[in-house]
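This structure is a prediction, so every number in the text was calculated from the model and none was measured. Numbers restart at 1 for each chain; the letters A, B, ... are given by sequence-line order, proteins then strands. In what follows, every heavy atom counts, from backbone to side chain, and hydrogens, waters and symmetry copies are set aside.
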2 protein chains.
Amino acid sequence: MGMQKKLTIQDIARLAGVSKATASRVLNGNPSVNGELRARVMRVVEEHDFVPNATAVSLAGGNTHLIGVLAPPLVWPALPEIIRGVAEYIEDSAYEIVLYSINFANAECNHSEVVKRILNLHLVSGLLAIFTDELMPQITRLAQDGLPIVLIDDQEEPGHIPWVGIDNRESACTAVRYLLELGHTRIAHISGPQHYYWANERYRGYCQALQEAGIAPEPELLLQGGFEPLHGRQCAKQLFSRERASWPSAIFVANDQMAYGVLEYAEQQGIRVPEDVTIVGFDDNLLSAYTRPPLTTVHQPFSEMGRRATELLLNMIDPQYLAGPKASQQVQAPTDFPRLSERDQPVHLQLPTSMVIRASSTQASLSVKT
Amino acid sequence: MGMQKKLTIQDIARLAGVSKATASRVLNGNPSVNGELRARVMRVVEEHDFVPNATAVSLAGGNTHLIGVLAPPLVWPALPEIIRGVAEYIEDSAYEIVLYSINFANAECNHSEVVKRILNLHLVSGLLAIFTDELMPQITRLAQDGLPIVLIDDQEEPGHIPWVGIDNRESACTAVRYLLELGHTRIAHISGPQHYYWANERYRGYCQALQEAGIAPEPELLLQGGFEPLHGRQCAKQLFSRERASWPSAIFVANDQMAYGVLEYAEQQGIRVPEDVTIVGFDDNLLSAYTRPPLTTVHQPFSEMGRRATELLLNMIDPQYLAGPKASQQVQAPTDFPRLSERDQPVHLQLPTSMVIRASSTQASLSVKT
DNA sequence: TTGTACGCGTTATCAG
DNA sequence: CTGATAACGCGTACAA
């Protein structure tokens with residue numbers, strides 16, 4: 001009934017008539033054990049469903065086999081997907097995930113406390129920090145103290161800490177080139193907060209694409225937004241309150257969240273998408289396939305980012321490590337990561353994005369095309 | 001530069017000129033320590049930012065201060081909200097979350113392996129199992145072995161294991177009563193898979209409300225759905241392919257996901273919501289506020305469920321426990337949980353739901369009202 | 001009040 | 001190849 005006293009390796013050893021050491025060797029697949037002894041121990045182990053106490057293993061081995069995932073609440077758009085990637089990779093590894101969810105909204109508590117909790121306890125062998133730019137000072141310190149850390153964050157320019165992300169500039173450029181190919185020439189841009197790295201990069205990509213096409217960016221088509229639907233809504237209002245002739249034929253919105261606001265405003269005002277105006281977003285959040293109309297956008301490979309970041313982190317923690325026992329047999333060729341000796345140049349892993357064409361975009365109508 | 005050798009409590013003791021034991025006492029707030037000594041130790045501790053090694057504390061104390069959260073991938077609708085609740089409660093406790101994300105889609109791997117991983121390692125001091133009905137056999141076994149477990153799951157009728165959820169029947173009943181009050185009399189129901197507890201309960205709630213109003217459920221208004229948008233879509237098609245006169249004036253859909261499918265189909269067919277037909281869902285997923293039109297639905301207090309379940313679990317693990325040091329000062333009166341002695345009757349915590357009225361519902365139009 | 005010594009469950013070292 | 005035995009870092013009876 002009650003939690004029956006767990007067996008220890010000592011018990012197993014006794015039952016098998018061997019020493020602790022031998023039992024341990026068998027459990028760890030040490031080849032230097034007599035066949036018969038090995039069999040005897042294994043039988044006892046299986047008979048009792050014995051498994052070594054994780055805590056003791058950690059203490060003795062110096063590796064907790066725990067990686068921390070530091071992130072804002074999971075209700076943030078891309079987070080579930082990223083963590084799915086992390087979980088999938090972790091699944092066939094010997095590691096587990098410790099979730100540190102930070103509540104930025106809760107201003108009363110000092111977030112550095114959360115970080116202290118991590119560093120302090122030495123609970124995790126490594127840390128995956130997702131969208132935690134506000135904690136960069138503390139995180140940097142953790143890294144300096146020698147804790148393996150990988151970043152997934154696009155609010156600051158990648159620095160010395162290993163980082164996984166995308167090429168925001170090039171991706172934005174591609175999106176705008178797509179609009180140009182459709183024949184649009186009056187392309188507006190609703191940008192993110194200018195001090196955010198991603199926002200600035202996407203803006204630069206927008207400019208670059210226009211420049212390539214020999215089009216000078218018009219200041220009146222460039223709106224400073226934020227990152228929420230409301231911001232998109234406000235910018236849309238500003239844009240469409242002008243006389244019809246000065247409307248853009250397409251809008252490149254810096255992220256999907258704001259694009260939702262634009263779509264909402266357009267609908268309320270009876271502005272048809274894509275007939276009257278084409279909308280393109282960025283991120284490809286899960287919702288974006290269900291807006292009306294579904295949103296054309298730049299797909300970020302979030303779950304892949306989670307997977308690769310985890311792979312990177314595990315390799316930092318334990319270079320000998322190949323995910324799980326099975327992994328060695330799988331074709332899944334382990335990515336070649338820079339070795340420690342070459343670590344002078346920081347690891348920045350840029351994953352490819354892709355355009356997802358949905359119903360919110362179409363060719364520029366002739367009337368607008370001039 | 002490299003991970004500087006971490007200090008041990010031994011070092012602290014030496015630096016403060018006391019014994020390990022005294023240092024330990026100071027760190028644990030044991031009152032029986034001389035004021036001066038205490039100060040001396042504290043100074044050294046703060047000077048070096050010392051914190052005890054979590055692993056060692058666990059091994060010595062027999063409590064890992066880790067709770068496992070077993071759940072499907074976080075991309076499942078309600079999960080991020082539930083976990084937000086868990087994280088919020090955990091945040092000011094001495095515990096951390098270990099995330100066990102199970103990939104049901106990955107049929108190749110035996111899911112009982114995942115569970116084995118949990119039981120075996122004795123890594124977590126307790127388990128919160130969310131939407132894991134398929135693993136009930138294994139979970140039950142874990143519970144029998146003495147592992148504290150709390151369930152958040154609505155696919156099976158609650159049993160002996162402590163459980164947090166809602167009253168599906170009553171909630172559904174309330175939703176249908178709402179429709180009746182609006183004047184609807186021809187109310188259809190798209191149900192979930194009948195072998196799911198929630199689906200069956202919601203169906204019974206639907207019947208009960210009709211019965212109260214003296215309306216006999218019409219078989220042709222009762223459709224067997226599933227749980228995905230596609231299922232809702234199919235049922236909607238079936239419903240609206242009949243002659244207009246036999247259409248329902250309102251549909252109570254067993255969950256929001258399916259309601260999305262209904263909305264989608266209605267839109268494609270030019271059926272106006274709510275003018276031609278009123279739609280009411282169940283769950284109040286995050287998306288439901290953004291559908292077109294926004295969906296009237298039954299709100300499940302997901303984050304609150306996560307919070308309460310965690311509170312319950314922590315109390316099971318450590319009855320003396322009040323969340324965090326601050327908690328004792330806060331007004332947040334710790335809920336009174338049944339004590340062990342009364343545990344013969346299983347703990348079932350039913351949280352209240354609420355109707356969220358949005359644009360997809362309205363009074364029955366006169367023409368349809370007969 | 002403070003210090004000593006042992007236990008927690010494994011792994012790893014070093015003789016045998 | 002196998003078996004004592006020493007770490008691992010901390011809590012805690014027990015003795016002083």
Sequence neighbours excluded, every pair satisfying side chain to side chain donor-acceptor pair (under 3.5 Å) that has a member inside residues 31-48 of chain B: Asn30(B)-Ser32(B)
Spacing between His65(A) atom NE2 and dT10(C) atom P, to the nearest angstrom: 14 Å
Integer-rounded Å distance: dT1(C) P and Asn30(B) CG: 9 Å
Atom-pair distance (NE2 on His122(A); C1' on dC8(D)), nearest Å: 14 Å
Check: Val347(A) and Ile161(A) side chains under 4.5 Å, non-hydrogen atoms: no
Of Leu151(A), Leu312(A), Val150(A), the residue whose pairing with Leu128(A) passes side-chain contact (heavy atoms from CB on, under 4.5 Å): Val150(A)
Sorted by number, the residues of residues 35-44 of chain B with heavy-atom contact under 4.0 Å to DNA chain C: Leu37(B)
N/O to N/O distances under 3.5 Å, protein versus nucleotides 10-14 of chain D:
unit_1  : atom_1 : unit_2   : atom_2 : d
dC10(D) : OP1    : Asn53(B) : N      : 3.1
dC10(D) : OP2    : Ile9(B)  : N      : 2.4
dC10(D) : N4     : Lys20(B) : NZ     : 3.0
dG11(D) : OP2    : Ser24(B) : OG     : 2.9
dG11(D) : O6     : Lys20(B) : NZ     : 3.4

Evaluation steps, side-chain contact (heavy atoms from CB on, under 4.5 Å), between Arg14(B) and Gln10(B): CA-CA 6 Å; Arg14(B) 187 168 35 72; Gln10(B) 181 70 275; 5.5 Å; no
Degree of bending in the helix from dT1(C)-dA16(D) to dG16(C)-dC1(D) once both end axes are built from five pairs, to 10°: 40°
Residue list, salt bridge (charged side-chain N to carboxylate O under 4.0 Å, His left out) with Arg84(B), at least two apart or on another chain: Glu88(B)
Over 12 foreign heavy atoms within 6.0 Å of CE, Met136(B): yes
Spacing of Leu59(B) atom CG relative to dC8(C) atom P, expressed in whole Å: 9 Å
Over all atoms of both residues, closest heavy-atom pair of Pro73(B) and Ser101(B): CA-OG, 3.6 Å
Side-chain ion pair, Asp145(A) and Lys6(B), N-O less than 4.0 Å: no
Backbone of Thr8(A) reached by a side-chain donor or acceptor of Asp11(A) within 3.5 Å: yes
His348(A): ring pair (Phe, Tyr, Trp, His ring centres under 6.0 Å) partners, not counting sequence neighbours: Trp163(A)
